Amino acid sequence: MAKEYPLLYGYADDVEKELHNTNEVADFIMKHGVNSDVTITTPLDTLLLNTYGIYINRITDMEYREELLKVLVPKQQAVFDNIDDEDVPDDLDEDYGEDEQNRRMKL
């Protein structure tokens with residue numbers, strides 16, 4: 001079982017927030033990670049993790065990582081699921097198809 005952290009601190013740009021569970025940590029990463037990197041520390045200012053955007057870059061507790069990923073990965077996936085394919089112009093799809101066909105012909 002992962003070590004429990006009843007209180008953590010999240011930092012991003014000029015934001016500092018108390019976080020009490022993995023869901024709050026994941027929400028903080030998703031909210032602030034789109035604009036900057038995030039740092040999560042213990043109350044003694046010991047680094048628990050930092051991110052590169054919405055993705056974990058470094059983490060000091062691998063058991064906590066496993067618990068956090070159970071919550072974080074579905075939130076990350078939801079970002080990509082919300083991208084509407086209709087926003088991609090049809091000519092882009094066609095160009096990709098032609099380029100892919102030409103590449104395969106050269107092989």
Side-chain angles (χ1 to χ4, degrees):
M1 181 171 186
K3 179 179 176 182
E4 293 189 29
Y5 296 93
L7 178 62
L8 294 169
Y9 290 97
Y11 301 94
D13 288 334
D14 293 331
V15 177
E16 178 183 328
K17 184 173 181 181
E18 288 186 5
L19 306 167
H20 302 95
N21 55 54
T22 54
N23 193 55
E24 288 183 8
V25 171
D27 286 344
F28 188 83
I29 290 170
M30 294 304 297
K31 180 177 181 180
H32 298 285
V34 295
N35 297 317
S36 69
D37 296 339
V38 171
T39 300
I40 307 293
T41 68
T42 67
L44 298 175
D45 206 30
T46 302
L47 177 71
L48 176 61
L49 69 90
N50 67 17
T51 70
Y52 181 75
I54 62 171
Y55 300 102
I56 295 172
N57 182 42
R58 300 180 88 191
I59 188 162
T60 60
D61 183 336
M62 297 309 283
E63 290 179 359
Y64 184 81
R65 176 185 174 272
E66 294 303 317
E67 294 300 312
L68 178 59
L69 288 178
K70 291 176 186 176
V71 180
L72 182 59
V73 169
K75 293 175 187 290
Q76 292 168 331
Q77 187 62 44
V79 169
F80 295 104
D81 289 344
N82 287 332
I83 296 174
D84 188 3
D85 288 334
E86 293 176 14
D87 292 339
V88 177
D90 289 336
D91 59 342
L92 180 63
D93 293 334
E94 291 169 6
D95 290 343
Y96 173 78
E98 290 173 13
D99 288 344
E100 182 65 19
Q101 288 174 356
N102 291 335
R103 185 188 67 79
R104 288 183 181 176
M105 287 181 185
K106 290 177 184 178
L107 296 176

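If you're wondering where the values come from, they're calculated on a predicted model, not measured in any experiment.
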For F28, check ring pair (Phe, Tyr, Trp, His ring centres under 6.0 Å) against everything at least two apart and list the hits.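 Result, ring pair (Phe, Tyr, Trp, His ring centres under 6.0 Å) vs F28: H32.
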Rounded to the nearest 0.5 Å, what separates atom [atom1] in [X] from atom [atom2] in [Y]?
{"X": "L48", "Y": "T41", "atom1": "CG", "atom2": "OG1", "value": "8.5 Å"}
{"X": "E66", "Y": "I59", "atom1": "CD", "atom2": "CD1", "value": "9.0 Å"}
{"X": "L7", "Y": "E18", "atom1": "CG", "atom2": "CD", "value": "5.0 Å"}

Does the side chain to side chain contact (heavy atoms under 4.5 Å, CB included) test come out yes or no for K17 and Y9, once each step is laid out? CA-CA 6 Å; K17 184 173 181 181; Y9 290 97; over 6 Å; no
Y55 OH: over 12 foreign heavy atoms closer than 6.0 Å: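 It does: Y55 OH has more than 12 such atoms within range.
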Taking the side chain as C-beta and beyond, is there a heavy-atom pair between [X] and [Y] under 4.5 Å?
{"X": "M30", "Y": "V79", "answer": "yes"}
{"X": "N21", "Y": "V71", "answer": "no"}
{"X": "R58", "Y": "L49", "answer": "no"}
{"X": "Y64", "Y": "I40", "answer": "no"}
{"X": "L8", "Y": "T42", "answer": "yes"}
{"X": "Y5", "Y": "V25", "answer": "no"}
{"X": "I56", "Y": "L72", "answer": "yes"}

Hey, any chance [X] and [Y] share a hydrophobic cluster, counting ILVMFWY side chains that come within less than 4.5 Å of each other, even indirectly?
{"X": "V73", "Y": "V38", "answer": "yes"}
{"X": "L69", "Y": "L19", "answer": "yes"}
{"X": "M62", "Y": "I29", "answer": "yes"}

Quick check against the 3.5 Å criterion: does D61 have a side-chain atom that pairs as donor or acceptor with the backbone of E63?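 Judged by distance alone, yes, a pair lies under 3.5 Å.
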